[in-house]
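Worksheet: the structure to be examined is printed underneath.
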Amino acid sequence: MRWHRPRALRLHRSAAFLRLYRLLPHGLLGRLGRALARATRPRWAVALAIRSWTERAAIHMDDFQPGPFASLESFFLRRLRPGARPIGDGVVAPADGVVVGAGPIVAGVILQIKGVPLSLERLTAGRHPAPGLAAYEGGRYTTIFLTPHGYHYVHMPIAGTVLDLRWISGRAFPQNQDALRHIPRIYERNERATLRCRSHDGHEFMLVLVGASLIGGIHLRDLRRRDWVRSRPFAWNRRFARGEELGHFSFGSTVVLLVPPALAGLPPPLGMALRMGQHLW
């Protein structure tokens, strides 16, 4: 299955607009976006916006619990029906989405669309001291873009413990394929959270949650943002089963899975549509 983008969702994706996006007030746009997404009145306008979104994004509600939804945000964070995402064996997809990057980790670098090299140090730590990355040399990365029509929670790809997490401040650039073509190093520039994990058999791996434009907030399960949104790492030390919920995005975003050679397998092909819990390798 390949990524299909409805025509109605291709607004504001020209090269000129995207290259000028850096000049926009990302913080102000985010606050306005959150206010609109969380508005519950007038109810007719909320219902109209949800219906329009459902039609334009070709959202099939069979997998999701039915409404009513009080706001756009509650619709965006709709829950799955029981059994809609069975958890496979091995390493599983941490989220619904489309594979926009996959391949080997070589010399501390992964690739963005059009072959733009991204530094693992800057991706995972920003300007802070990077976690130990030598063990990832020769491993694999998989970058998953969460699409508008899917399920927007992030789950554990392998049973293990989230040792700690680091918040990295940044901008809020969009992350659709057009933006990735015209805005360099988005994943190094946007707000993100790096989760350093250890599998039950002792191998470390990482998940990098990258915030996106407009609402874009990163939220972690049972944690208040004010407790972990800080300059130093936050020790979580919480065990999760494979497929267990880790957190969610307030709006669309991206997850980068980084694994060392001991956990690596053949990554899925570019453009492949994934469902959370689907076997990756």
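Side chains are part of it too, since the values below use all heavy atoms of this structure and drop only hydrogens, waters and symmetry mates.
Between F240 and W236, the ring planes are perpendicular. Angles over 60° get that label, and only those under 30° would be called parallel.
Between the side chains of S231 and H128, not a single donor N or O lies within less than 3.5 Å of an accepting N or O.
R221 forms no cation-pi arrangement with Y153, by the criterion of a distance under 6.0 Å to the ring centre and an angle within 45° of the ring axis.
At a threshold of 4.0 Å, the pair E121-R127 does not count as salt-bridged, since none of the basic side-chain nitrogens sits closer than that to a carboxylate oxygen. A salt bridge does not link R81 to D62: none of the charged side-chain nitrogens sits closer than 4.0 Å to a carboxylate oxygen.
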key: side-chain contact (heavy atoms from CB on, under 4.5 Å) assessment of T143 paired with Y187   = CA-CA 10 Å; T143 305; Y187 303 144; 3.7 Å; yes
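Side-chain contact between C197 and M156 is present, with at least one heavy-atom pair separated by less than 4.5 Å. Looking at I168 and E191, their side chains never come closer than 4.5 Å, going by heavy atoms from C-beta outward. A 4.5 Å side-chain heavy-atom check between F205 and P157 finds at least one atom pair inside the cut-off. Between V46 and L48, every side-chain heavy-atom pair lies at or beyond the 4.5 Å cut-off. Counting heavy atoms from C-beta on, the side chains of R189 and I183 come closer than 4.5 Å. You'll find the side chain of L120 reaches within 4.5 Å of the side chain of I105, heavy atoms only.
Counting all heavy atoms, side chain and backbone alike, G90 lies closest to R242 at O-CD, 3.1 Å.
L163 and L220 are members of different hydrophobic clusters when ILVMFWY side chains are connected at heavy-atom separations under 4.5 Å.
A donor-acceptor pair is defined here as one N or O able to donate and one able to accept, closer than 3.5 Å; no such pair exists between the side chain of R78 and the backbone of P66.
Pairs of residues two or more places apart, or lying in two chains, that qualify as ring-ring contact (aromatic ring centres under 6.0 Å, His included) and include a residue from residues 62-86 are W53-F75, W53-F76, F69-F75, F76-H152, F76-F251.
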